[in-house]
Structure formats: C-alpha cells, structure tokens
2 protein chains.
Amino acid sequence: MHKKIMYIFVVQIEVLMSNSKLYKGSLNTIILKLLQVHHKMYGYEITQKVKAITNGELNITEGALYPALHKLEAEGLLEVEVTKVDNRLRKYYKLTSMGNRETVNKLTELAEYIKTMQVLVNSKLA
Amino acid sequence: MHKKIMYIFVVQIEVLMSNSKLYKGSLNTIILKLLQVHHKMYGYEITQKVKAITNGELNITEGALYPALHKLEAEGLLEVEVTKVDNRLRKYYKLTSMGNRETVNKLTELAEYIKTMQVLVNSKLA
DNA sequence: TTCTTATGCATAAATTTCTTATGTATATTT
DNA sequence: AAATATACATAAGAAATTTATGCATAAGAA
C-alpha cells in the first residue's frame with residue numbers, strides 16, 4: 001500500500017518589464033518635454049506620468065530623476081516652487097525662458113538622432 | 001588727409017558636425033546591425049562605414065569602438081579572424097549564431113525605444 | 001491597530017558607456 | 001621629407017545612469 005503524496009507548488013513569477021533601459025542622454029529631453037506640455041510638475045508626478053504614457057515600459061528611477069532636476073535647475077533651465085500638500089513636501093518645476101529654448105534644441109537633436117539611427121538600422125543598404 | 005587702412009581678416013570657421021553625441025547604449029546595436037548586413041568587417045571599416053552612411057553626422061571613436069568589439073567577442077557574440085593586408089594587421093569580425101540572435105533582440109529593443117520616445121516627445125497629450 | 005503600500009523628497013556608491021588622449025606601426029599622398 | 005590615411009590598442013576621465021539607502025507622512029489592507 002503506497003501513500004500518495006501530492007505537492008503543490010505555487011510559484012509566483014515576476015514579470016519584469018525589462019525596465020527598458022533608458023538610453024543614456026535621453027532623460028533630460030523627457031523631463032523638458034513633459035514640462036513644455038504641462039508647465040508645472042513635481043518629481044514624483046513625472047515618474048508616474050512617464051510610466052502611464054509608456055504603459056509601464058519606461059520607469060524613471062528616482063536616483064536618476066532628482067539629480068537631473070537639480071542639475072537642470074542649477075543650469076537655469078528650470079525654476080522651482082516649493083509647496084506643501086497634505087503636510088507633505090512638493091517641489092514644482094517649470095521651464096525658464098532659457099529652458100524653453102533648450103527644450104526645442106533637445107527635441108530637434110533627438111529627432112535627428114532617431115532619423116540617423118533609423119538610417120543605420122532599418123536600411124538593408126547599410 | 002586721412003590714411004585709409006583696410007584690414008582683411010581671413011577667418012577659418014571649423015564647422016564641427018557636432019559629432020552628434022551618441023546616445024549611450026546604441027553603439028553595440030550599430031555594430032551588430034552592420035555585421036548582420038556585411039557578414040564580415042574590421043574596426044576601421046566600421047568607423048568609415050558609419051561616417052559614410054550618416055554623411056559624417058555620426059563618428060564612432062576608436063576609443064569606444066575597439067573596447068566594444070572586444071567585449072562583444074568576449075561575450076561570444078562576435079568571432080574574430082586576423083589577417084594581414086599590405087603588411088598591416090586587420091581583424092575581421094563576424095556574428096556568431098548567438099550574435100545573430102542578440103542582434104535581433106537589440107534591433108527590436110531599439111525600435112521599441114524609438115517608438116516610446118516618439119510617444120513621449122511627439123504627442124501633445126503627453 | 002498594525003502593517004504594507006503609496007506618496008514625496010534626497011544622496012552615495014557602483015556601473016556602464018562613452019570621450020579624450022596617447023601610443024605604436026605601416027602605407028600613401030603631398 | 002612631412003603629413004595624412006590606415007589599422008590596431010589602452011588608459012584616464014567624464015557623464016548619465018542603476019542600485020541601494022535613508023527619512024517622513026498618508027492611505028489602505030489585514
């Protein structure tokens with residue numbers, strides 16, 4: 001007489017969105033573009049916005065975002081306005097006029113870069 | 001009576017192609033794609049090819065290229081074949097079967113990234 | 001009520017991926 | 001004879017991330 005033992009394994013598989021590695025150099029452009037459209041955003045809001053727009057494909061890490069915001073501010077491209085909501089700190093950023101001009105440049109640059117990469121990568125002539 | 005003195009300045013303006021900053025992370029994809037098309041290339045040839053295809057907009061530096069080739073080889077994505085032409089060394093690289101698979105992945109990744117960036121950057125809805 | 005998750009900021013260390021600088025050597029063009 | 005092109009290589013430095021922490025409050029779940 002054999003005892004039948006059944007093991008049930010419940011394995012949770014975590015599907016990582018591959019956290020779609022940011023191509024280094026594009027974060028500033030993303031920030032600037034979002035601020036061009038929304039006029040006023042705070043850091044956490046930016047991370048959520050990017051996640052939402054890209055269906056979770058792109059996750060801006062805080063370790064990248066906050067230093068980037070500080071640098072853009074130091075360069076005079078952004079200005080900050082600190083407020084308190086629900087007893088919690090919030091730092092709203094918006095483009096300065098310099099920031100507006102730089103945004104246009106960055107967007108042009110990115111468009112050119114994409115065009116170049118498409119020529120390199122999509123053509124069979126390469 | 002005034003003496004009239006005319007100065008003629010000849011100024012050479014060097015138009016830098018802005019050396020179109022490579023978005024960090026795309027070099028490997030470029031290398032792999034070129035080898036997918038050409039089956040066999042050597043380092044110097046790759047730099048010239050990229051320059052030609054992009055009308056000089058993209059210049060792969062040797063300091064970036066050679067280490068990248070070595071790494072791809074170490075990872076088993078490329079294999080090398082050393083020859084001598086005109087008494088000068090040449091190292092031909094080509095894709096391994098793993099390299100072929102990885103090329104497809106990298107190209108897909110890039111295409112997705114470009115799509116994502118276009119959504120983020122081109123839409124007014126962002 | 002307590003624990004976890006979400007919100008909101010921040011920084012430091014490590015890593016990746018380039019640029020810049022330098023080096024060697026041969027071939028070709030000026 | 002000197003400069004440029006071809007062909008490789010590596011090291012130091014810079015830039016832009018990731019990963020790992022940390023602190024604090026609010027909201028939701030157990």
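Chain letters run A, B, ... following the sequence lines, proteins first and then strands; every chain starts at 1.
- No hydrogens or angles were tested; on distance alone, a donor-acceptor pair under 3.5 Å links the side chain of A:K24 to the base of C:dT16.
- For B:K91, taking side-chain heavy atoms from C-beta onward, the closest of the listed nucleotides D:dC8, D:dT25, D:dT18 is D:dC8.
- Toward the 5' end of DNA chain C, the nearer of the two residues A:A64 and A:V85, judged by each one's closest nucleotide, is A:V85.
- The shortest distance between the side-chain N/O atoms of B:Y44 and the OP1/OP2 oxygens of D:dC8 is not below 4.0 Å.
- Aromatic pair B:Y113/A:Y23: centroids less than 6.0 angstrom apart.
- Of the candidates D:dT6, D:dT18, C:dT17, D:dT6 carries the atom nearest the B:Q48 side chain, counting heavy atoms from C-beta on.
- Scored by the ring pair (Phe, Tyr, Trp, His ring centres under 6.0 Å) test, B:Y66 finds no partners at all (sequence neighbours excluded).
- Note on A:S26: only backbone sugar-phosphate atoms sit closer than 4.0 angstrom, heavy atoms only; bases stay farther off.
- With D:dA26, D:dT19, D:dC8 as the choices, the nucleotide that has an atom nearest any side-chain atom of A:T61 turns out to be D:dT19.
- Taking five base pairs at each end of the helix from C:dT1-D:dA30 to C:dT30-D:dA1, the local helix axes there meet at an angle of 20°, rounded to 10°.
- Of the side-chain N and O atoms in B:Y66, one or more sit less than 4.0 angstrom from OP1 or OP2 of D:dC8.
- For A:R88 and D:dA26, the shortest distance from a side-chain N or O to OP1 or OP2 is not below 4.0 Å.
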